[in-house]
> 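One structure is given below, represented as structure tokens, and several questions about it will come after.
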There are 2 protein chains.
Amino acid sequence: MAATKDPRPCSIADTLAVVGEKYSLLVLREVCLGNGRFDQLVRNTGAPRDILSARLRRLVEAGILTKRLYSERPQRFEYRPTQAGLELEPVLMTLKEWGDRHLRKGADLPMAVEHSCGSELVPVVTCGACGDPVRHEDLTARPQAPGWTLTGPTAA
Amino acid sequence: MAATKDPRPCSIADTLAVVGEKYSLLVLREVCLGNGRFDQLVRNTGAPRDILSARLRRLVEAGILTKRLYSERPQRFEYRPTQAGLELEPVLMTLKEWGDRHLRKGADLPMAVEHSCGSELVPVVTCGACGDPVRHEDLTARPQAPGWTLTGPTAA
DNA sequence: CCCTTGGGTTGGAAAATCAAACCCTCCTCT
DNA sequence: AGAGGAGGGTTTGATTTTCCAACCCAAGGG
């Protein structure tokens with residue numbers, strides 16, 4: 001998934017180059033849930049074993065997962081999220097929320113997540129500075145590297 | 001990208017089935033920036049024209065983009081985000097922030113986004129109920145549909 | 001008339017994915 | 001001791017996707 005021709009230097013593209021391949025984020029979902037064993041991952045993500053194997057290698061090398069020995073004799077491994085991996089969990093929660101609302105229309109949700117405050121988690125992406133929810137109209141792109149030419153209404 | 005075998009009913013998987021294919025989120029990025037014309041999309045995402053064409057069809061049919069005529073004679077089209085599409089923008093911002101921090105380590109950022117409050121946008125995913133940032137330790141998964149068996153430390 | 005721009009479609013080669021089978025180590029049961 | 005099973009993968013060959021370049025069409029422009 002190397003973005004060999006993408007003329008835009010872009011952290012979104014870079015991030016997707018690491019976690020944007022098929023199954024990668026589902027693997028992260030499972031690992032964050034604590035289901036970090038190979039065949040749990042096979043069952044729960046539906047990924048073919050060889051693909052899963054490739055994804056795990058990539059995610060470990062990218063510093064998103066670690067491979068941990070949880071039993072010597074017999075040798076058994078488990079994958080766990082690193083700090084960087086855990087910091088992607090909010091992305092998963094946001095994707096989940098979008099799917100809950102737009103694809104399932106809020107009915108028959110297969111899983112809920114409870115926040116420590118006691119309510120069901122409804123993730124809201126906010127501006128770290130002012131705390132307001134991020135809305136499209138409030139954003140202005142300010143390109144800082146060559147390759148960025150903006151023409152539309154959002155342009156700076 | 002039909003998740004034909006994924007045994008888990010999951011809104012994350014469902015959402016990725018719609019926007020998780022290669023280039024889809026980059027297309028959305030450009031469209032949100034106002035670069036909604038076919039060859040702008042080709043240049044800015046690096047997607048092959050046929051793939052782009054397929055992605056656009058899919059995103060329109062999924063209700064994430066709309067195809068708008070901006071010039072009759074000669075007929076010229078432009079893609080724009082729908083409300084549902086705009087609601088995915090926070091996901092893009094969160095991915096960007098992760099990439100900025102973990103892949104570029106904060107140096108030489110190719111693009112900044114400014115929030116209407118005047119600061120540079122640093123998106124933070126928060127709990128809609130209490131407003132606190134979402135951290136892994138504060139989350140508890142509560143499966144509600146069959147197919148969900150949790151074994152790890154995050155299990156309910 | 002010829003060339004360019006915008007917005008695609010088509011065809012064949014290259015790469016990724018898939019499913020099933022296989023392998024190896026250790027463990028347990030008989 | 002042998003049979004069988006679980007965990008954690010790798011290998012093989014068929015199927016799908018992606019990729020790239022070429023092509024097509026309609027509408028200006030010089």
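Labels below follow one simple rule: chain letters A, B, ... track the order of the sequence lines, proteins then strands, and each chain is numbered from 1. Note that these values count all heavy atoms, side chains included, but never hydrogens, waters or copies made by symmetry.
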> Check this one for me: any side-chain N or O of A/Lys67 less than 4.0 Å away from OP1 or OP2 of D/dG9?
yes

> Do the side-chain N or O atoms of A/Arg73 get closer than 4.0 angstrom to the phosphate oxygens (OP1, OP2) of C/dC26?
yes

> CZ of B/Arg68 versus C1' of C/dG6: gap in Å, rounded?
16 Å

> If you apply the rule side chain to side chain donor-acceptor pair (under 3.5 Å), what do you find for A/Ser11 with B/Arg104, and how did you get there?
CA-CA 8 Å; A/Ser11 294; B/Arg104 297 184 184 271; 3.1 Å; yes

> Does the base of C/dT5 carry an N or O that pairs as donor and acceptor with the side chain of B/Arg76 under 3.5 Å?
yes

> Looking at D/dC19, D/dT10, C/dG6, which one has an atom nearest to any side-chain atom of A/Arg57?
D/dT10

> Whole angstrom is fine here: how far is it from CG in A/Leu52 over to C1' in C/dA16?
15 Å

> To the nearest Å, give me how far apart CZ (A/Arg37) and P (D/dG9) are.
12 Å

> Quick one: A/Leu41 CG to D/dG9 P, roughly how many Å, whole number?
10 Å

> Just N and O in the side chain of A/Arg49: are any of them under 4.0 Å from OP1 or OP2 of C/dC23?
no

> Can you tell me how far C1' of D/dG9 sits from CG of A/Asp39, to the nearest Å?
10 Å

> Can you tell me how far the CD1 atom of B/Ile64 sits from the OG atom of B/Ser24, to the nearest 0.5 Å?
8.0 Å

> Nearest-nucleotide wise, let me know which of A/Pro74 and A/Ile51 is further upstream toward the 5' end of DNA chain C.
A/Ile51

> Rounded off to whole Å, could you give me the CD-to-P distance for the A/Glu21 and C/dT17 pair?
6 Å

> If only side-chain N and O atoms of B/Tyr70 are considered, is one of them under 4.0 Å from the OP1 or OP2 phosphate oxygen of C/dG7?
yes

> May I ask you to say whether B/Glu89 pairs ionically with B/Arg29, meaning some side-chain N is under 4.0 Å from a carboxylate O?
no

> Is B/Tyr23 near enough to D/dC19 that one of its side-chain N or O atoms lies under 4.0 angstrom from OP1 or OP2?
yes

> Is any side-chain N or O of A/Lys22 closer than 4.0 Å to OP1 or OP2 of C/dC18?
yes

> Would B/Lys67 and B/Tyr79 count as a cation-pi pair here, with the cationic atom under 6.0 angstrom from the ring centre and within 45° of the axis?
no

> Rounded to the Å, how far apart are B/Arg43 CZ and C/dG7 C1'?
12 Å

> Indicate whether the side chain of B/His115 and that of B/Glu120 have a donor and an acceptor atom separated by less than 3.5 Å.
no

> Classify B/Phe77 by what it touches in the nucleic acid, base, sugar-phosphate, or nothing, heavy-atom distance under 4.0 Å.
sugar-phosphate

> For the atom pair CD (B/Glu114) and CG (A/Leu139), what is the distance rounded to the nearest 0.5 Å?
10.0 Å

> When the nearest nucleotide of DNA chain D is assigned to B/Asp50 and to A/Leu56 on a heavy-atom basis, which residue is associated with the more 5' position?
A/Leu56

> Taking CG from A/Leu69 and P from D/dG7, how many angstroms apart are they, rounded to a whole number?
15 Å

> Does A/Ser53 make a side-chain N or O approach to OP1 or OP2 of D/dT10 shorter than 4.0 Å?
yes

> OP1 or OP2 of D/dT18 versus the side-chain N and O atoms of B/Arg55: is any pair under 4.0 Å?
yes

